[in-house]
Each structure stands twice: as structure tokens, then as C-alpha cells.
Amino acid sequence: MLDVLNPPQRDAVLHGEGPLLILAGAGSGKTRVITHRIAHLVRAAGVAPDAILAVTFTNKAAQEMRERVEKLLGYSAGRIHLGTFHAICARLIRRHADALGFKASFSIYDSADQLALVKQVMKDLNVNAERFVPAAVHAAIGRFKQDLLDPKQVVVDGRDVFAQVAARVYESYQIKLKEANALDFDDLLNFAVRLLQEDAALRARYNEAWEYILVDEYQDTNKAQYAFLRLLTERRHNICVVGDDDQSIYRWRGANLQNILDFEKDFQGARVIKLEQNYRSSENILSVAHNVISRNVGRKAKKLWTDAEAGERTIVYAAETEKREAQFVADEIAALVSHQGLSFGDIAIFYRTNAQSRPFESQFVLSNIPYTIVGGLRFYERKEIKDILAYLRVLLNPGDEISLQRIINVPRRGIGDETVGKIRGVSLQRRLPFWEAMREAMRLKALSIAAAGRVGDFLELVGSLRETASTMTLAQLVPMVIEKTGYWAMLNAEGTEEAKDRIENLQGLVNEVVEFARVYGEDATLDNFLERASLASDVDEFSESRERVALMTVHAAKGLEFPAVFLTGMEEQLFPHSRAMDAPEDIEEERRLAYVGITRARRRLYLTLARSRMVFGQTKATRPSRFLGDVSPSYLDDRSAIPFRAAGPSGGFRFGARQLGATRFGSGEEAFDGDGEPSYEPTYDAETGEAASPFQPGMKVFHPSFGVGKIVSIVGQGEEAKVTVLFPGAPMKKIMARFLQPVN
DNA sequence: CATCCTTATTTTTTT
DNA sequence: AATAAGGATG
Ligand SMILES: Nc1ncnc2c1ncn2[C@@H]1O[C@H](COP(=O)(O)OP(=O)(O)OP(=O)(O)O)[C@@H](O)[C@H]1O
């Protein structure tokens, strides 16, 4: 079992008790180490499987890890606690729901449900939705939650009207959630933390039960997840985390890079093991990745090396339009499959935003290339699926007001806004849950006779569904709901192409349920199924074994690997994305994202872009991504009609390009800084591809009077370049390049 | 209350 | 370009 590991990997697997950090670059076998360590703990160290808690980033990763551990052990690893943070927390809360004042049948609200609830609360509080955008309020609430603040703990600046409104909405929002017996995504983590914080006995129990804790992708954990781990490792300190600071790509969602950077401080006596040999990629691909990532400041330096051969150079292609880009990709795929012995399943297309998949889809249909889209509009997020799931949720959890209101008039049954408004009035006035308010509104004659009749019919429908539900299996229940609610009839009557698609999706849902019932047997309950549907991740539905080209965002590609990768849309404003260009930390995250994309490739890497692209229905000229400009030409093979370097600089604009930039490329604000200097200086000169400067951000330099410091940024070129340097214990300094010397 | 037509708005990334 | 939201009409 150990002979498929290199010495540091083996050390990590054999490590006994105490905290362990495995800090390692892409493709160095981190996931393999976790898997082997679990198997080792069970088989060699005699640890009981159910004393192990292992956390992965996606359900799919959990599933795979379970399979691999089972393969290593040679028997079922069913009792190992293995899942995402959200899944593990949901199960924990379900088991101890009453301690938190919830029922085990709680609903889990996704972002759309959350936003609907925010809107409703704002209406109830008479908050002007024009002045305060519900989505912004929702985001603010999300930030409170990410800081683990409950409504009572929120302190806002008295002059900040928006923050005050957000805090008020937050308070009612939480009350509403509780009344609906519902938790949102963040609550799953926060309430699990609260549960362990407040109940010392319970905390002790889980500290005892979970002897060994292992966490994959630790660089993307957030504050709540960190708190959760702290609480579980109070007694024992057997926590093993694995991660790569260069692959942290969820800062925007609250992930805290500090978690991994401070691990040694947080967990006293931690052992650190670095893995530096890459087993995934050719040397050239690693070099490209290194060129891109090394411009980030404040990363933990890591060397990555490989035994693999240099391999092919990375092919760059700048197409005229996004359609041409897709055409090029399709032609290359056809060539790879017919001449290079690759199969469709070996190939992946990555992009920054989901919307970019369109041109590829159309082209692949034309070129007869089988493909599958991972993520995007998730299966469980489709309207028809959400509607049926809402019915199921209401059956299980009558208090679920958001679901109830979602389906009260779907299919149309004549219960419109007016009637719903009246019922909500009664609900608010009498402090009754919505479903009880329906009956009460009828009793009070608050509704017209016709409306009351229709509400009565609806109540009867739900009542009878609920009654029958208790007598059947899940696999019988779901088709019955689709039928009895009139949903099927509604779609059938429409007869459009779209309606046919929806019927097909519903059939897909039924198949899903049947499969779920088959796999989980006794455990295939409605609440388990709904939980799974709520917590599904984008990549879960992706199967490598299918012989199809995979299309996905770079985010979704995290942790995967493919023999051939196309990283597309390598354009400034798109990748890095325009919405992530304000703060330097945002751009650093974009750069890490590019690094993640590049390092998914084993043998062949393509970097493509379109010189012009349709955005919001308008064609816009683009410029090559700064990330391209940071790659040494010696690793690249530019196949474009006009090589990307010849067609103008990547990244921000330069002096000569000003007119072009200002007139043709939008506002130009992002590209120029104050005095018209280019805001971005690629590592390799735009036209010639020669190294632009001996200095690069992140590099250590020596200055005769200030000593050794670290370069933050560079403006200009050659001796006259102005270099911003951070010396320890001093404010940032701008210094002419000729006064600085590189330090090794 | 439902439907049709006009209009604003969108695209970051997701457990 | 595609879709959601808003508004007028039957
Ligand atoms: N000791 C080894 N010998 C041979 N191959 C290995 C070894 N360790 C790992 N590999 C292979 O290297 C590849 C990357 O491994 P793994 O996915 O575990 O890396 P990782 O560090 O989790 O990567 P990333 O962080 O980029 O997702 C896999 O194909 C794996 O099979």
C-alpha cells in the first residue's frame, strides 16, 4: 500500500498523533495522501472507521474518496464520516435539531429561497425595495453570517443607513427562518458551530467520537468551518489538513486564506510536510503555471518539480471572435482524437463564466463532438424541479413558507398576488404560520367566496398528498406528486418544445429518485433525498467515464485532471474578470484561478482567446489577458494568424494604445491608472516577448539603506522603472530600479 | 387574475 | 441575446 507513495507522502500517511499540515503545490498527490492516510489509520493503526471524520470540497470528491479507501482496504468503508462541511453539519444538526429549536424535518434554503425570504421580510418591515436593493441586503446578511455574527451581535455604524437596514432585516430574517423550520446554507455551518459551542457535553461527546479529522482543500475553508474544526479538536489534536495557498479561489465566498497560513500557530506543535514533486503535468505545463502564479505577492514559496519530460509547448490561439475560438477548439479536438490517440473524455474546456459555454455548445453540435456541461444551470435549480421539490418540502415541513408560496399558484389555480397578500396580512396580524393563516383567512371571510374556494381546494390537495405520502415509498411518491398537482397536465397542455424539455427533466427527477431508493434502501427517506438535492454540488453529476468532452468553469475544475485542457477566453476583463479588478487581492485570486486551470492539464494545454467578443448583445474588442503576457514565449507555440503579442500588449494599455483603448475598449478606467501610465506590466515584453525587467513582484530585493524587502509592484521599464517595495517594519516605498539589487 | 407586450437587466465564480 | 420584471388590458 505504501509503495505507491514517495518518501514525504509516506511520512504524511504514517504520521501518528497531533496536528499535521500538508502544504503542497498542484498535482503533488495531496488527495492521494489523505486517502491513503485514512486507509492506513483503519488498517494498520486499528482506528475504528467511525472514529474518522474526513471533509472534502464536493460530494463527488467524498464519493470518490470513499471508493478509493474501500479499494485500498478491500472492504466497505461505510462507517467513515465522509462528506462536505455542509453535509456533515446538516447531519449533525438533524440529529440534534431540538437542541437548536428546530425539527429534524427542516428545509434547507438555497440562494434563491434566501433572496425570496429577504424580499418578503423587507415587505413586512416596510423597507423600500427601491432604495435598498434586496440582493444587496441579502449579500450583507451573508457577510454577517460569514463573520459568525448572530443578529444580536451585529453592531453597525449609526451613520450607515444601509447597514442599519440590513441588520434589521437580518433579525427578522432569522426569526422567519426559524418559524419556517428552515436553515440557509450558511446556517448549516453556523448552527453546527453554535450547537457545539453551547452544549459542552455534546462537544465532549464528538471530541471523543471523532478521533481523527482530515480536511482536503483546507485553503478554501471559511471562518465557520475553522471554528467547527477548533471545537472538534479541543481534546485530541489529531487534525490533518491538506491544501495549497496558491489554489485558494473562494475568497469572494468568505474563504479565509489565513486558515492555512496560520495553521502552525493555531494548532500548537503542528508538523508541516511539503510535497514538491508533481506527478500530473509535463514540465512545460508546470513552467507556464509557475510563470503565472509567481507574480502573486504574499504566497508561501513552493518549488514544484517533475520527472516527466518537457512535453509539448502550450498552444496559444487568438481567434477573431468567440465563434472562431470555438471552431479552433473543435478542430483541435477532432485532431487530438483522430491523430493523437486521445478520446473525448480526456479533454476538457474551461472558462471563467458559465455564459461562455454557448459558442462551444453550438460548435460541438455542428462538429459532432460529444460533450457534457458541468454545472451552470444546475439540475436541481431548474424551475420545474424546484417546483416539485417545493411540493415535497411542504409535505414534509408545512411551515416552509417560501416553498408554500412558490407552489400555491403553480400550476395556475387562481390564487394570485391579491389573495396571497391577504393571507399574509392575516398571518402577520394573528402571528400565525402561513399555512394556518390560509384556513384562518377563510374562516374570517377575509377572502372573496371564489378565492376562499380555491384556497380550500389547494389545502385539500396538499392534505391528501400528505396523507398518501405516509403510505408510499419515495419512488412512488414523486410521480404521484407530479401527476396529482396537475403539473404534468399543465406541461402537457403547453405542448411547446420547452415544455417537452421540462417533462423530460421531471422524468429525470423520477429516475434520480428511483436510483436513490435503490442505493440507499432503508435510508431512502424523503428528508434524506431533499437534503441531498439541496446540498448537491456542480461537479457531482459529472462522470469521467463518459466519453464526452467536459465543459466547465475553472472553479468547477478544482481538484480534477485531464490529459488535454483548453483554457479559453484568456482576455483582459474576462479573465481576470472586470468585476474582480478593483482590489489587488481580487486580481491575485484571479491569478490563482488561472493557476488552478493550467495545472489541471497533464499533457497538453491550450490557451485561447477571442479578439472580439459579444457581451450583452454587443460586440466588443478585447485584449489578451495579462496572464498570457506573463508566460515566457519559450513555453508557448502561438498558432494565431496574428500572434497575440504582435497585436498589442496584454494587460493594461500602454502609451501608444491609449487612443485605441479609450475609444474602443469601454471606459478604460480599469486599464489606466491616474497619470496615464500602463497599470500592468507583463513579465515578458508585449511585442518582443523578452523579459521586461529583472524585477518581478514578489521578488526579494536589496537596497543600500533599507536592507532587504519584497517587491509589491512595478511601473515602467528598465533602470527608470519605479518599484514599490515593502521593507519589514517600514511603510511601502517607491524606489527607482537602478538602486535595487535582486536577492536570491 | 391571467395574459400579452414593453422595459430593464444581466455575467463572475457556488457549497 | 436572453430573460426577468413591470405594466397595461381583457
Ligand atoms: N507517489 C505517486 N506516484 C505516482 N503518481 C502519483 C503519486 N502521487 C500522486 N500521483 C498522481 O498525481 C496526480 C495528482 O494527485 P492528486 O490529485 O492527489 O494531487 P493533488 O495534490 O490533490 O492535486 P491538486 O491540488 O492539483 O488538485 C494523480 O494522477 C495521482 O494519481
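Letters A, B, ... mirror the listed sequences (proteins, then strands); counts begin at 1.
For A/Arg253, whose side chain is taken as the heavy atoms from C-beta onward, the closest listed nucleotide among B/dT10, B/dT13, B/dT15 is B/dT15. Looking at the side chain of A/His555, the nearest of the listed nucleotides B/dT15, B/dT14, B/dT11 is B/dT14.
Straight-line distance from the CD atom of A/Glu590 to the P atom of B/dT11: 16 Å, rounded to whole Å. We find that NZ of A/Lys620 is positioned 14 Å from P of C/dA1, with the value rounded to whole Å. Following rounding to the nearest Å, A/Trp252 (CH2) and B/dT11 (P) show an atom-to-atom distance of 13 Å. Taking atom CD1 on A/Ile249 and atom P on B/dT15, their separation rounds to 11 Å, with Å as the unit. B/dT14 atom C1' lies 12 Å from atom CD of A/Glu589, rounded to whole Å. Taking atom CD of residue A/Gln356 and atom C1' of nucleotide C/dA1, one finds them 15 Å apart after rounding to whole Å. The CD1-C1' distance, from A/Ile108 to B/dT15, rounds to 11 Å in whole Å. Remark: P of B/dT14 and NZ of A/Lys558 are 12 Å apart, rounded to the nearest angstrom.
Here A/Arg591 does not pair with A/Asp246 in a salt bridge; the nearest charged N to carboxylate O distance is not below 4.0 Å. A salt bridge is defined here as a Lys NZ or Arg NE, NH1 or NH2 lying under 4.0 Å from an Asp or Glu carboxylate O, and A/Lys60 with A/Glu541 fails to meet this definition. Contact check on A/Glu531 versus A/Arg94 returns a salt bridge, with a Lys/Arg side-chain nitrogen under 4.0 Å from an Asp/Glu carboxylate oxygen.
The aromatic rings of A/Phe364 and A/Phe360 sit tilted relative to each other, their planes meeting at an angle between 30° and 60°. By the 30° and 60° cut-offs, the orientation of the rings of A/Phe185 relative to A/His86 is perpendicular.
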Listing time: all N or O pairs from protein to nucleotides 2-10 of chain C that are below 3.5 Å?
none

Please list each protein N or O that sits under 3.5 Å from an N or O in nucleotides 1-9 of chain B, with the distance.
unit_1	atom_1	unit_2	atom_2	d
B/dC1	OP1	A/Gly416	N	2.7
B/dC1	OP1	A/Thr419	N	3.3
B/dC1	OP1	A/Thr419	OG1	2.4
B/dC1	OP2	A/Glu418	N	3.4
B/dA2	OP1	A/Gly414	N	2.9
B/dA2	OP2	A/Asn409	ND2	3.2
B/dT3	OP2	A/Arg412	NH1	3.2

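With sequence neighbours excluded, the residues forming a ring pair (Phe, Tyr, Trp, His ring centres under 6.0 Å) with A/Tyr520 are A/Phe516, listed by chain and number.
Of the candidates A/Arg623, A/Arg613, A/Lys620, A/Arg613 is the only one forming a side-chain hydrogen bond (donor to acceptor under 3.5 Å, both in side chains) with A/Glu571.
The side-chain ring of A/Phe85 is not stacked on the base of B/dT15, judged by centre separation under 5.5 angstrom and plane angle under 30 degrees.
When each of A/Ala355 and A/Ala536 is assigned the nucleotide of DNA chain B with its nearest heavy atom, A/Ala355 is the one assigned upstream, toward the 5' end.
Phosphate contact (OP1/OP2 of B/dT14, side-chain N/O of A/Thr553, threshold under 4.0 Å): present.
At a threshold of 4.0 angstrom between heavy atoms, the contacts of A/Asn354 are confined to the sugar-phosphate backbone, with no base atom among them. Within 4.0 Å of A/Tyr250, counting heavy atoms only, lie sugar-phosphate atoms of the nucleic acid but no base atom.
C/dA4 and B/dT13 are spaced 15 Å apart, taking the P atom of each and rounding to whole Å.
With A/Glu572 contributing its side chain and A/Arg626 its backbone, the two residues share a donor-acceptor pair below 3.5 Å.
Here the two rings, on A/Tyr250 and A/Phe57, have centers that are under 6.0 Å apart. In this structure, the ring of A/Tyr206 has its center no less than 6.0 angstrom from the ring center of A/His81.
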